[in-house]
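Below you'll find the structure I mean.
Nothing fancy with the numbering, it's 1 onward along the sequence.
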Amino acid sequence: MRGNSIPTTLLVAVLAIHIGPPRGHAQSSTGSQRAEPPVPSLPAPRLAEPRDASGLRPAQPAETDRALPINLATALRLADARPLTIEAARAAIETEYGLYEQARVLWLPTVNLGADYQRHDGGQQNVVNGQLILGARNQFIAGGGAQMVFALTDAIYAPLAERQLLRARNIDVQTAKNDALLSVAVAYFDVQQARGYLAGTLDSVARARELARRVGSLGRGLAPQIEVERVNTLLADLEQQAATARQDWRTSSANLTRVLRLDPAAVAVPLEPPHLQVTLISPRETVDALIPVGLMSRPELESQQAVVQATLVRLRQERMRPLIPSLVLQSNATPDEFLGAGVYGSGRNSLNHWSGRSDWDAAVVWQFKNLGFGNRGLVTQRRGEQRQALVELFRIQDLVAAEVTQAHAQVEAAAIRVGRAEAGLKAALVSYTGNLRGLSETVRAGDLLVLINRPQEVVAALQQLQQAYLNYYTSANDYNRAQFQLFRALGYPAQNLACSDSFGGVMPVDTARPPQMAPVHSPEPCRDCPH
């Protein structure tokens, strides 16, 4: 095993870890703070509201829906304070800080206060000559005692390891905030996509109803009954799609209110148009330039580096354990060793002799577990844990690079799709209008009047228009989702967006929830905003 271990000098060279005091609670305990490495600057976010190629008004909630107006700035601000993932990460800090506090006070004894009474009847052995003694005995002591049994290696190294783990838990809060921002953004643009698609589908339904009326009014010689049924089939299908689109709006809204911990029965109504485009990172940025940013900025990497440092400390701890003694200080005035000094009373049948008493035991002990083989096993265990932590760090590095590459590819593709979808929607509108106009125009073919465009051609054009609506609103919101995925993959702090005024002002929003659900506090001011 020793031949396969990674030297400590190599680990330090590979990790290049910045060792600083833990944040949060630990900063107050150490009274010092070292500067964090600078985060690469973020381009200013940009909202683009291009002319809506559809020319439609956004869909409105149903009369039975309880509307919850909200804008993107408000959703991102709530995402920085209310999601449960952030609260769970903060709770983990408190748990780890409790372990850190315990490790720091291993040097201090445990103090006991109380009283102890013992009653003996019958025989016992004389400890001097071994003879049997018959008689009764009372014994009482009231006072205190102390116990301090610990290995100096634990007292020295355990706080250092827990300090690094506390640092990791503090960093995990930033990871939780970044994840929460992404989940809110994805849910928000899911709502936008469903709302836009509903508007397009309702427009297609209105066009299909008008088409059915016009086809039904044509003479039997111009449009046989089969053409009427074809249009009615399309109308029924579009009405089903409209019902599904409204369902998607409500379900995606429920997901958004779940993440933001708002009223779950409300239907979120974004104030921005559903074709809004948000640019955080330019699609022209190269992936080779972005991967180093992610490797430098992702909090997951910094957190795992702290975990690796903790495993290195624990490895040194086990290597030093046989060389550094353990300290033993305990009271032994009572059999249970809880009390060591106090008021002492004794007697044969009553407590008629009183005095003071003090009994203590102090020792310095070098301990070799299982003739030292147990210590060697502990060193091997800690070395394996250190290697596992290092492998996990490398796994996270690979994951970060992959996520940046994937998100960059999604941004590039979505940017292209947005332009093509807009052009496709404009062409579909022109095609439908032209085919519908041809439905009312005829030409003579011999003795027969023939429609310039048959109803089935108009039906096909309307189906293309419906698909164009789907492509238009899907591509626009895929672009937005990809932008936030790339933002998160690069490791930029969520507060850069939550506290930014680039998306407009934060609006008042109804944060009330049903009385059966736990109340949620309002967002705190942006005190930790990087700006």
Side-chain angles (χ1 to χ4, degrees), residues 24-26 28-31 91-163 165-166 169 314 317-318 320-370 374-375 378:
H25 289 289
S28 60
S29 63
T30 60
I93 292 179
E94 190 171 3
T95 300
E96 188 59 46
Y97 185 62
L99 297 174
Y100 175 62
E101 285 184 311
Q102 295 176 55
R104 291 176 58 200
V105 297
L106 286 176
W107 300 89
L108 303 178
T110 299
V111 177
N112 304 313
L113 297 175
D116 180 88
Y117 172 76
Q118 300 176 50
R119 171 71 185 182
H120 170 75
D121 292 290
Q124 64 178 340
Q125 188 181 36
N126 189 316
V127 297
V128 177
N129 54 26
Q131 294 181 354
L132 179 65
I133 302 174
L134 298 176
R137 177 168 55 86
N138 289 313
Q139 180 174 298
F140 174 84
I141 185 172
Q147 293 174 317
M148 187 169 60
V149 181
F150 66 92
L152 282 174
T153 49
D154 295 337
I156 294 172
Y157 291 102
L160 300 179
E162 293 298 335
R163 177 186 174 90
L165 294 178
L166 178 59
R169 298 293 82 78
R314 286 172 172 167
Q317 176 182 352
E318 296 307 329
M320 298 299 297
R321 189 177 294 277
L323 305 179
I324 301 178
S326 298
L327 298 183
V328 178
L329 173 64
Q330 54 190 11
S331 50
N332 55 10
T334 58
D336 53 20
E337 298 181 344
F338 283 146
L339 303 181
V343 178
Y344 179 73
S346 63
R348 180 176 294 272
N349 294 310
S350 62
L351 298 173
N352 51 10
H353 298 288
W354 292 88
S355 68
R357 179 171 177 173
S358 177
D359 294 87
W360 300 91
D361 184 19
V364 178
V365 180
W366 279 262
Q367 188 179 54
F368 300 89
K369 290 181 177 292
N370 310 111
N375 294 101
L378 287 173

Next item on the list: Please tell me if the side chains of Tyr100 and Arg163 come closer than 4.5 Å, counting only heavy atoms from C-beta onward.
Entry: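 Yes - at least one pair of side-chain heavy atoms lies under 4.5 Å apart.
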Notebook entry, point to check: So how far is it from Ile93 CD1 to Leu165 CG, rounded to the nearest 0.5 Å?
Noted result: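 Reported to 0.5 Å precision, the distance equals 13.0 Å.
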Margin query: Taking Phe368's backbone N and O only, do any of them form a donor-acceptor pair with Asn375's side chain (distance below 3.5 Å, no angle check)?
Written below: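 Here the side-chain-to-backbone pair does not exist.
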Could you give the side-chain donor-acceptor pairs of residues 139-152 under 3.5 Å, partners two or more places apart or in another chain?
{"residue": "Gln139", "atom": "OE1", "partner": "Arg137", "partner atom": "NH1", "Å": "3.4"}
{"residue": "Gln139", "atom": "OE1", "partner": "Tyr344", "partner atom": "OH", "Å": "2.9"}
{"residue": "Gln147", "atom": "NE2", "partner": "Glu337", "partner atom": "O", "Å": "3.2"}

Note to self: Rounded to the nearest 0.5 Å, what separates atom NE2 in His353 from atom CG in Asn138?
What the structure shows: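 Reported to 0.5 Å precision, the distance equals 11.0 Å.
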Checklist line | Closest non-hydrogen atom pair, Gly114 against Leu339 | finding: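 For Gly114 versus Leu339, the nearest heavy atoms are O-CD1, 3.7 Å.
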Notebook entry, point to check: If you look at every heavy atom in Leu160 and Ile156, which pair is closest and at what distance?
Noted result: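 For Leu160 and Ile156, the tightest heavy-atom pair comes out as CG-O, 3.6 Å.
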Next item on the list: If a pair satisfies salt bridge (charged side-chain N to carboxylate O under 4.0 Å, His left out) and one of its residues is in residues 139-161, list it, with sequence neighbours excluded.
Entry: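 Only Asp154-Arg321 qualify under salt bridge (charged side-chain N to carboxylate O under 4.0 Å, His left out).
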Show the atom names and distances, to 0.1 Å, of all donor-acceptor pairs under 3.5 Å that link a side chain in residues 359-366 to residues at least two apart or in another chain.
{"residue": "Asp359", "atom": "OD1", "partner": "Arg357", "partner atom": "NE", "Å": "2.6"}
{"residue": "Trp360", "atom": "NE1", "partner": "Ser358", "partner atom": "OG", "Å": "2.7"}
{"residue": "Trp366", "atom": "NE1", "partner": "Leu323", "partner atom": "O", "Å": "3.2"}

Next item on the list: Kindly write out the residues that satisfy side-chain contact (heavy atoms from CB on, under 4.5 Å) with Asp336, not counting sequence neighbours, or none if the list is empty.
Entry: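 Asp116, Thr334, Phe338.
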Item checked: Where Glu318 and Leu378 come nearest, the two heavy atoms and their spacing ->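 The pair with the smallest heavy-atom distance is OE1-CD1, 3.4 Å.
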Checklist line | All pairs passing salt bridge (charged side-chain N to carboxylate O under 4.0 Å, His left out) where residues 322-332 contributes a residue, at least two apart | finding: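 Non-adjacent pairs meeting salt bridge (charged side-chain N to carboxylate O under 4.0 Å, His left out): zero.
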Next item on the list: Go through the structure and list residues passing side-chain contact (heavy atoms from CB on, under 4.5 Å) with Leu99, not counting sequence neighbours.
Entry: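 Testing Leu99 for side-chain contact (heavy atoms from CB on, under 4.5 Å), a comparison that skips the adjacent residues, returns Glu96, Gln102, Glu162.
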